[in-house]
There are 2 protein chains.
Amino acid sequence: MGEHQVQKVPLPSIRRYPLYLRLLKAHLEEGEKWISSTEIARVLNLKPIQVRKDMACTGIGGKPRIGFALEPLIFAIEQLLGWDNATDAILVGAGNLGSALTGYHGFDQYGLKIAAVFDNSPEKIGTMINGVRVFAMGEMPEMVSTLSVRMAVLTVPAEHAQEVALSLVNAGILGIWNFSVQALNLPSHIIVQRTDLAVSFAELSARLIKEIRKKT
Amino acid sequence: MGEHQVQKVPLPSIRRYPLYLRLLKAHLEEGEKWISSTEIARVLNLKPIQVRKDMACTGIGGKPRIGFALEPLIFAIEQLLGWDNATDAILVGAGNLGSALTGYHGFDQYGLKIAAVFDNSPEKIGTMINGVRVFAMGEMPEMVSTLSVRMAVLTVPAEHAQEVALSLVNAGILGIWNFSVQALNLPSHIIVQRTDLAVSFAELSARLIKEIRKKT
DNA sequence: TAGATTGTTAATCGATTAACAATC
DNA sequence: TAGATTGTTAATCGATTAACAATC
C-alpha cells in the first residue's frame with residue numbers, strides 16, 4: 001500500500017540541513033540537550049517558522065516551550081542525508097582542486113571519506129595526497145567494486161570529464177560530484193551533482209555590481 | 001522618475017548566465033552569429049521558454065525564425081554580471097583550497113583575476129602560487145587600496161574567518177566569497193557569498209540515498 | 001497560571017511553465 | 001507562403017511566510 005512513501009523534502013531544505021547539523025552538534029558538545037527553532041533561527045539568520053518546517057521533514061517533533069531534543073534530531077538529519085555511516089567515495093583527477101578536496105577537513109565531520117584517488121599521470125601514481133593513495137585509472141573498476149563505492153568526485157579537465165564519467169558509471173558508480181565545467185551526458189538513473197565555481201562567482205559578482213551601481 | 005530602474009533579475013537566472021556565456025562563446029568561436037532559445041535549451045537541458053525569459057532580462061531581443069545575435073547577447077550578459085572588465089580580487093588563506101582556487105582555470109575566462117594572495121605563515125610569504133605572489137597579511141590594507149580591489153576570496157580556517165573578514169572590510173573590501181564554514185557577522189552593505197562544499201555534498205548524498213532506498 | 005513555543009492550515013510570493021498571437 | 005521562433009499574458013507550481021489554536 002505504499003506505506004513507506006519517500007517523504008518529499010524540498011531541495012532548499014536539504015541545503016539547510018548541513019547548517020543545522022553543525023549548530024546542533026556544537027550545542028551538543030557544549031552539554032546542551034534541547035534547542036528551540038527560535039534559537040536556531042536567530043543564529044542562522046532564518047525565520048523560526050522555516051526552521052520548524054524543516055524540522056518537521058525529519059519526522060522529529062518538538063516540545064512547546066522547550067524545543068527539540070538535540071540527539072534524535074541530529075540522528076534524523078544524518079539519516080535523511082544518508083550521512084549515518086561514512087559514505088566512501090573515490091576522487092578522480094589529482095590536480096590542484098582534487099588535492100584540495102582530498103584534504104578538505106569538514107568532509108570527515110560529515111559522511112564523506114575519500115577512500116582512493118585516481119589519476120593518469122605517472123609521476124602522481126603511487127604517491128600520497130593528504131593521506132590518500134593515488135592509483136592508476138586502470139585500477140579504478142576493480143577498486144570500486146572491492147570497496148563498494150557508489151560516489152565519485154570528478155575533478156578532471158573538462159575535455160576528459162565525459163569519458164571518465166562514463167567509465168565511472170560502467171564501474172558501478174551511481175552518484176557523481178562534477179566539478180568540471182563540462183555538462184555530463186549519462187544514463188538518467190545516475191545522480192549528477194554539479195558544483196560550478198563560476199556560478200557562485202557570478203552570483204557574488206552580480207550582487208556586488210548591483211550594489212555598486214546603486215550608489216552611483 | 002526612476003528611469004534607470006535596476007531591473008530585477010531572479011537569482012536562478014543569474015546562476016544560469018555563466019552556462020549561457022560558455023555556450024554562446026563556444027558558438028561564436030565556431031564562427032556562428034546566431035543561436036535560438038530552442039538550441040540553447042537543447043544543449044543545456046532547459047526549457048526554451050525559460051531561456052527566452054532569461055534572455056529577456058538582458059534587454060536583448062531576438063528575431064523570430066532566427067534567434068538571438070551572439071555578440072550583443074554575450075556583451076549584455078557580461079555587463080549584467082559585472083564581468084565586462086576583469087574583476088580583480090585578492091585571496092586570503094593560501095592553504096590547499098586557496099592554492100587550488102588561485103590556479104583555477106575557468107576564472108580567467110570570466111571576470112575574475114586573483115591579483116594577490118595573503119597568508120600569515122612565514123614560509124609561504126614571498127613565494128609564488130600558480131603565478132601569484134603571496135604577501136603578509138600586514139600588507140593587505142595598503143594593497144587593497146592601491147589595487148582598488150573590491151572583492152576578496154576567503155579561504156582561511158573557520159576560527160580566523162570572522163576576524164580576517166573584518167579586517168578585509170576595514171581595508172575597503174565590499175564583496176567576500178566565503179569558503180569557510182563560519183557564518184560571518186558583517187555590516188549589512190557588505191555582500192557575502194558563501195560556498196559551502198558540505199551543502200553540495202549534502203544535496204548529492206540525499207539524492208543518492210533516495211534513489212538507492214527507492215530500489216530497496 | 002502565564003507565556004513561550006510547537007505544529008497546522010491558509011495566504012503570499014516568486015519562479016517556472018503553458019498558451020498563443022505576432023513576426024519574419 | 002508555410003512554419004519555426006519570439007515575446008506577452010495567464011496559469012501553475014512550489015517554497016516561504018503568516019495566523020493562530022494547541023501545548024506544556
Side-chain angles (χ1 to χ4, degrees), chain A residues 5-20 23-24 27 32-73 76-77 80 199 202-203 206-207 210, chain B residues 5-20 23-24 27 32-73 76-77 80 199 202-203 206-207 210:
Chain A
Q5 59 153 0
V6 182
Q7 200 199 347
K8 167 76 177 52
V9 182
L11 194 59
S13 302
I14 298 276
R15 294 204 183 104
R16 285 188 290 269
Y17 286 128
L19 315 181
Y20 295 139
L23 179 63
L24 298 176
H27 268 248
E32 304 285 333
K33 291 255 178 293
W34 302 83
I35 193 168
S36 71
S37 62
T38 321
E39 171 68 0
I40 296 176
R42 194 184 56 75
V43 178
L44 296 179
N45 234 342
L46 302 170
K47 300 268 165 73
I49 176 65
Q50 188 173 47
V51 174
R52 270 178 278 144
K53 281 277 183 206
D54 288 344
M55 298 303 113
C57 291
T58 66
I60 302 295
K63 280 207 200 315
R65 276 285 296 166
I66 299 176
F68 298 83
L70 287 171
E71 283 191 347
L73 197 50
I77 293 177
L80 193 115
V199 169
E203 213 176 310
R207 289 164 66 203
K210 206 168 123 191
Chain B
Q5 57 155 3
V6 183
Q7 200 199 347
K8 168 77 174 54
V9 182
L11 196 58
S13 302
I14 297 276
R15 293 201 184 107
R16 286 188 291 268
Y17 286 128
L19 315 181
Y20 295 138
L23 179 62
L24 298 176
H27 269 247
E32 303 286 334
K33 291 255 179 292
W34 301 84
I35 193 168
S36 71
S37 64
T38 322
E39 170 69 2
I40 296 176
R42 194 185 56 75
V43 178
L44 295 180
N45 234 343
L46 302 169
K47 300 268 165 74
I49 176 65
Q50 190 175 45
V51 174
R52 268 177 281 145
K53 281 277 186 209
D54 288 346
M55 297 304 113
C57 292
T58 66
I60 301 294
K63 279 208 202 315
R65 276 286 295 165
I66 301 179
F68 297 83
L70 288 170
E71 284 193 346
L73 196 51
I77 294 177
L80 192 116
V199 169
E203 214 177 308
R207 289 164 66 202
K210 206 168 123 192

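Side chains included, hydrogens not; waters and symmetry mates left out as well; all remaining heavy atoms used.
Considering CG of B:Leu11 and CZ of B:Arg16, their distance stands at 10.0 Å, rounded to 0.5 Å. Here the CD1 atom belonging to B:Ile40 is positioned 9.0 Å from the CG atom belonging to B:Leu46, to the nearest 0.5 angstrom. A:Ile35 contributes atom CD1, which lies 13.5 Å from atom CD1 of A:Ile66 (distance to the nearest 0.5 angstrom). A:Tyr20 contributes atom OH, which lies 3.5 Å from atom CG of A:Asp54 (distance to the nearest 0.5 angstrom). The distance from the CD atom of A:Gln50 to the CG atom of A:Leu44 is 10.0 Å, given to the nearest 0.5 Å.
For B:Val199, the side chain to side chain contact (heavy atoms under 4.5 Å, CB included) criterion is met by A:Arg15, A:Pro18, A:Leu19, B:Asp196, not counting sequence neighbours. In this structure, the side-chain hydrogen bond (donor to acceptor under 3.5 Å, both in side chains) partners of A:Glu39, at least two apart in sequence or on a different chain, are A:Arg42. Every residue was checked against the salt bridge (Lys or Arg N to Asp or Glu O under 4.0 Å) condition with A:Arg52, not counting sequence neighbours, and none meets it.
The heavy-atom pair separating B:Met55 from B:Leu73 by the smallest distance is SD-CD2, 3.5 Å.
The one candidate from B:Glu71, B:His27, B:Lys63 that meets the side-chain contact (heavy atoms from CB on, under 4.5 Å) condition with B:Trp34 is B:Lys63.
In terms of position on DNA chain C, the residue among B:Pro12 and A:Ser37 whose nearest nucleotide sits closer to the 5' end is A:Ser37.
Extent of DNA chain D lying under 4.0 Å from chain B heavy atoms, first and last nucleotide in 5' to 3' order, is D:dG3 to D:dT9.
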**Message:** Could you write out DNA chain D as dot-bracket? Rules: Watson-Crick or G-U wobble, both distances under 3.5 Å, brackets [ ] for crossings, | for pairs with another strand, dot for unpaired.
**Reply:** ..||||||||||||||||||||||

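If you check residues 60-69 of chain A against DNA chain D, the residues with a heavy atom closer than 4.0 Å are A:Pro64, A:Arg65, listed by number.
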